[in-house]
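A quick note: this is a predicted structure, and the numbers were derived from the prediction, not measured.
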Amino acid sequence: MLPLKLIQENSDFIIERLKIKNFDAKPIIGRILAADDRRRALQTSIDIQLADLNNLARQIGQLFKEGKSQEAEEAKNQTFQIKEQNRILKEEHAALEAELQDMVVQLPNLPYELVPAGKTPEDNQLIRTGGTIPEPDVNRKAHWDLLAGSGLIDFELGVKLTGAGFPVYQREAARLQRALINFFLDQGLKAGFTEVQPPIMVNEASAYGTGQLPDKEAQMYRSEADGLYLIPTAEVPVTNIFRDEILSAEQLPVRYMAYTPCFRREAGSWGSHVRGLNRLHQFDKVEIVQVRHPDNSYAGLEEMVNYVESLVNLLELPYRIIRLCGGDMSFTSAMTYDFEVFAAGQGRWLEVSSVSNFESFQANRLKLRFREKATNALASPTP
RNA sequence: GGAGAGAUGGCCGAGUGGUCGAAGGCGCACGCCUGGAAAGCGUGUACCCUGCGUGAAGCGGGGUCGAGGGUUCGAAUCCCUCUUUCUCCGCCA
């Protein structure tokens, strides 16, 4: 969420920057500013009324004490009128605040100055590559063919137990999965990240805090009876640790990591290109999160990119690092690097990790305060 | 699931209808004192919205004592709902 103050004072700048993200902010900012003016005027009127009421209440107490009950009754009658007027204004004020909030959260984060304009992945910037891409092999097999019949990763069994997108890992595959999780956590520990095991279900407030609600509700699994959501990423519980918190500068930077299973409904994004493990409803991920002072958030981003790169190197995978263009970036991100690994079996690049700086966008929404911004990255242990 | 007791500032802890954003203590910051420190003394020490002011300092108004609603001229204090913590009972393992 962008700070209202920034919208009030630098609306032209915001409109200009959001063009990089192909977002036309002009109409909505116009409505935000109008609603905000009205809101402030109302606030002033309401405050004056409340001040009057406070004064009257004090006088009434005094009058009763002095035995002037006649005058006290008269003053009481005055308060009835003011209260009725106040009630009307408050209703309008509350409606306006809700409307304003709805509009402000529709504005995406501003892209950082290095972010290239563009609409599709074609416009992304290649930063660097590493590792060796194996020679194309005519006999190559994608993992779903390679694994077929082995039962190591059993998609059909998953369908029996749960449904499509919930594979069962068995024997060596289960061990490999466990080993990868441990590998990422152990490396993270060495790199100075603090390990946490958060709940994998969150309440509504947390889902709002990181922006899954209200817009992405359809992407989450929900426990209707309890009002809880299965997390789509550990980013949700881990970032919400800091919701409504005020950190002191010396507590920064905070560096957390968490392994969790992740759950995504992937409504509407199913297709022929997402076979096998390429897109799942349940998968495992080790998330890393930093909360940084705004002055060095981009140093933090680079640090995380280098860290993730070291992991990919240790695994000896051929990779490339890509800076996403405005159109390909997420709503909340100011700048994102994607890590892609070349999947020889499929003969194409697959995203394995995404590292973003959210600047203060998430922190604002979370009411995480004391001059800091949040930086976030995720490293994924699946293929 | 049932019964009871709690939820107050960074922490502890007073406060049962008005003068309470809230006593007292601890912690922290600054100052005095000291060769230096401790002790002592003094001052200050939440957040949000808003008006004047340069988005400083400062001053003013409003709101916030778990959350929301209600009673009242007036609520931290009374009532209701919810959340949550603790104790006891039950249930499940």
Nearest-neighbour nucleotide for the A:R40 side chain, B:C73, B:G55, B:G51 considered: B:G51

Complementary nucleotide for B:A38 - Watson-Crick or wobble, under 3.5 Å: none

Shortest non-hydrogen contact between A:V115 and A:L324, atoms and distance: CG1-O, 3.8 Å

Minimum heavy-atom distance between A:Q212 and A:P232, given as atom pair plus value: CG-CG, 3.9 Å

Short side-chain N/O contact from A:R39 to OP1 or OP2 of B:C49, under 4.0 Å: no

Sugar-phosphate, base or nothing in reach of A:L50, heavy atoms under 4.0 Å: sugar-phosphate

Separation of atom CG in A:L53 from atom P in B:A75, rounded to whole Å: 10 Å

Verdict with reasoning, A:L2 to A:N364, per side-chain contact (heavy atoms from CB on, under 4.5 Å): CA-CA 7 Å; A:L2 297 174; A:N364 279 330; 5.9 Å; no

Closest to side chain of A:K83, choosing from B:G74, B:U50, B:G55: B:G74

Closest non-hydrogen atom pair, A:P261 against A:Q282: CB-NE2, 4.3 Å

Opposite nucleotide pairing with B:A93, Watson-Crick or G-U, both atom distances under 3.5 Å: none

Whole-Å distance separating the CD atom of A:Q101 from the P atom of B:C48: 16 Å

Integer angstrom distance from the P of B:C49 to that of B:C89: 49 Å

Pairwise P distance for B:U8 and B:A76, with rounding to whole Å: 16 Å

Sugar-phosphate only, base, or nothing, as touched by A:A75 at under 4.0 Å among non-hydrogen atoms: nothing

P gap between B:C48 and B:G53, integer Å: 22 Å

Rounded distance in Å between the P positions of B:U45 and B:U83: 38 Å

Distance in angstrom units between A:L56 CG and B:G74 C1', rounded: 11 Å

Rounded distance in Å - CG (A:D36) to P (B:C49): 11 Å

Distance-only donor-acceptor test (3.5 Å): side chain A:D47, base B:G61: yes

Residue matched to B:G53 through Watson-Crick or wobble contacts both under 3.5 angstrom: none

Residue whose nearest RNA chain B nucleotide is more 5′ - A:A51 or A:L4: A:L4

Length of the line joining A:I246:CD1 and B:U45:P, which is rounded to integer Å: 17 Å

Touch class at under 4.0 angstrom, heavy-atom based, for A:E73 against every strand present: nothing

For atom CZ of A:R87 and atom P of B:G69, their distance in whole Å: 14 Å

Counterpart base for B:G17, defined by Watson-Crick or G-U wobble contacts under 3.5 Å: none

Check: A:E9 side chain, B:G55 base, donor-acceptor under 3.5 Å: yes

Integer-rounded Å distance: B:C47 C1' and A:E245 CD: 13 Å

Within 6.0 Å of CZ in A:R171, more than 12 heavy atoms from elsewhere: yes

Watson-Crick/G-U partner (both atom distances under 3.5 Å) of B:A29: B:U43

Spacing of the P atoms in B:U77 and B:U72 (rounded, Å): 16 Å

Result of checking A:N109, A:L107, A:L366, A:L110 against A:F361 for side-chain contact (heavy atoms from CB on, under 4.5 Å): A:N109

Residue met sooner reading RNA chain B from 5', once A:I46 and A:G61 are mapped to nucleotides: A:G61

Nearest-Å distance once atom C1' is located in both B:A22 and B:G17: 15 Å

Minimum-distance nucleotide (side-chain atoms of A:N54 versus B:G63, B:G55, B:G51): B:G63

Step-by-step side-chain contact (heavy atoms from CB on, under 4.5 Å) determination, A:R348 to A:N278: CA-CA 12 Å; A:R348 63 186 182 117; A:N278 286 5; 2.9 Å; yes

For B:A75, the Watson-Crick or wobble counterpart (both distances under 3.5 Å): none

Complement of B:U84, any strand, by Watson-Crick or G-U distances under 3.5 angstrom: B:G6

Same-atom distance (P) from B:C28 to B:G74, integer angstrom: 43 Å

Span that lies between the P atom of B:C20 and that of B:G63, in whole angstrom: 16 Å

Mate of B:G24 where both pairing distances stay under 3.5 Å, Watson-Crick or G-U: B:C12

For atom CZ of A:R58 and atom C1' of B:G74, their distance in whole Å: 10 Å

Which nucleotide in B:G18, B:G74, B:C47 has an atom nearest any side-chain atom of A:F64: B:G18

Over all atoms of both residues, closest heavy-atom pair of A:R140 and A:A344: CD-O, 3.4 Å

